[in-house]
Amino acid sequence: MPHFCRMFLILVVTMFLAGCLALPIKDPYSYSSAVGQGGGTPFASYGEGRITAVRVWETNNNYYYYYYYYNYNSNNYISGFQLRYGNTWSPVFGNEGSVKQVMELFNDEAIVEVSGKYNPADYICSLVLTTNMGRTLSAGMPNQVSFNFYPSNMGNELRILSGRFNGVGITSIGAHWGFVDMEGAGNSTLGTALETVTPVF
């Protein structure tokens with residue numbers, strides 16, 4: 001190959017690689033938009049480090065009513081929840097209901113999916129948190145409209161739950177995903193929370 005051709009080829013390859021390096025890096029964070037009626041007080045969980053445990057409260061208002069015949073109605077909903085970041089529990093967002101579900105995460109375990117059901121007229125009916133080890137925490141009753149949240153980027157995990165609650169329960173919920181650098185600093189979720197919704201202190 002002539003010397004000129006070799007130099008031209010090197011120039012083309014160099015320009016191609018430089019163009020690749022100049023491409024914008026994909027945002028390492030993603031947000032699953034909130035679902036639900038959305039009335040009440042805004043909240044966003046926050047803390048330092050990885051989520052290490054979860055508490056979810058549900059309220060069970062199961063009853064029978066008469067309308068030409070007896071029928072069974074299940075009016076379960078998520079009344080509140082709490083996340084632990086590292087060794088520190090966040091505030092309870094919402095209210096402590098009649099039934100509490102708890103999940104302690106193992107080392108290197110992270111929440112990678114948030115799903116459930118919601119009633120567009122009032123509350124989140126059920127909440128299911130799934131980890132990268134296949135374990136789940138499930139609270140509430142699977143009634144009404146389905147939702148399914150998961151990160152846009154591989155290797156990300158749940159960092160923040162945000163939404164709204166009133167005096168009875170959780171009226172809307174969304175999920176924020178990101179990478180946790182367990183070796184370095186800057187693992188606080190508070191900055192991201194303040195960018196999306198004012199947390200309740």
For residues 97-121, the ring-ring contact (aromatic ring centres under 6.0 Å, His included) pairs (sequence neighbours left out) are none
Spell out, yes or no, whether [X] and [Y] are grouped together once hydrophobic residues are joined by side-chain heavy atoms under 4.5 Å, including indirect joins.
{"X": "Leu105", "Y": "Met133", "answer": "no"}
{"X": "Val112", "Y": "Val114", "answer": "no"}
{"X": "Ile173", "Y": "Leu158", "answer": "yes"}
{"X": "Ile170", "Y": "Met103", "answer": "yes"}

Using a 3.5 Å distance criterion without hydrogens, assess whether the side chain of [X] forms a donor-acceptor pair with backbone atoms of [Y].
{"X": "Glu58", "Y": "Gly140", "value": "yes"}
{"X": "Thr171", "Y": "Gln37", "value": "no"}
{"X": "Thr59", "Y": "Gly97", "value": "no"}

With sequence neighbours excluded, what pairs up with [X] under the side chain to side chain donor-acceptor pair (under 3.5 Å) test?
{"X": "Glu157", "answer": "Arg50"}
{"X": "Asn132", "answer": "none"}
{"X": "Thr131", "answer": "Glu109"}
{"X": "Ser32", "answer": "Trp177"}

Taking the six-membered ring for Trp and the single ring otherwise, decide whether the centroids of Phe149 and Phe147 are under 6.0 Å apart. yes
Can you list, by chain and residue number, the hydrophobic cluster partners of [X] when the side-chain cut-off is 4.5 Å?
{"X": "Trp89", "value": "none"}
{"X": "Val99", "value": "none"}
{"X": "Val92", "value": "Trp57"}

Here the side-chain hydrogen bond (donor to acceptor under 3.5 Å, both in side chains) pairs for residues 95-106, sequence neighbours left out, are Arg84-Glu104
Euclidean distance, [Y] [atom2] relative to [X] [atom1], rounded to 0.5 Å:
{"X": "Asn76", "Y": "Met141", "atom1": "CG", "atom2": "CE", "result": "5.5 Å"}
{"X": "Arg159", "Y": "Ile111", "atom1": "CZ", "atom2": "CD1", "result": "11.0 Å"}
{"X": "Asp122", "Y": "Tyr77", "atom1": "CG", "atom2": "OH", "result": "9.0 Å"}

Nearest heavy atoms of [X] and [Y], plus distance in Å:
{"X": "Tyr31", "Y": "Ala175", "result": "CD1-O, 3.3 Å"}
{"X": "Ser30", "Y": "Ser152", "result": "OG-N, 3.2 Å"}
{"X": "His176", "Y": "Ser162", "result": "NE2-OG, 2.8 Å"}

*asked:* Show, in sequence, the C-alpha distance, side-chain angles and deciding distance for Tyr46 and Leu83, and conclude whether the side chain to side chain contact (heavy atoms under 4.5 Å, CB included) test is met.
replied: CA-CA 8 Å; Tyr46 54 91; Leu83 301 179; over 6 Å; no
Sequence neighbours excluded, the answer for salt bridge (Lys or Arg N to Asp or Glu O under 4.0 Å) partners of Glu113 is none
Those residues at least two apart in sequence (or on a different chain) that pass salt bridge (Lys or Arg N to Asp or Glu O under 4.0 Å) with Arg55 are none
What class does the angle between the rings of Phe43 and Phe165 fall in, given that below 30° is parallel, 30 to 60° is tilted and above 60° is perpendicular? tilted
Derivation of the side chain to side chain contact (heavy atoms under 4.5 Å, CB included) call for Ile51 and Tyr85:
CA-CA 4 Å; Ile51 295 172; Tyr85 291 88; 3.5 Å; yes
Show me the side-chain donor-acceptor pairs of residues 123-130 shorter than 3.5 Å, one per line, residues at least two apart or across chains.
residue : atom : partner : partner atom : Å
Tyr123  : OH   : Asn166  : ND2          : 3.2
Ser126  : OG   : Lys117  : N            : 3.0

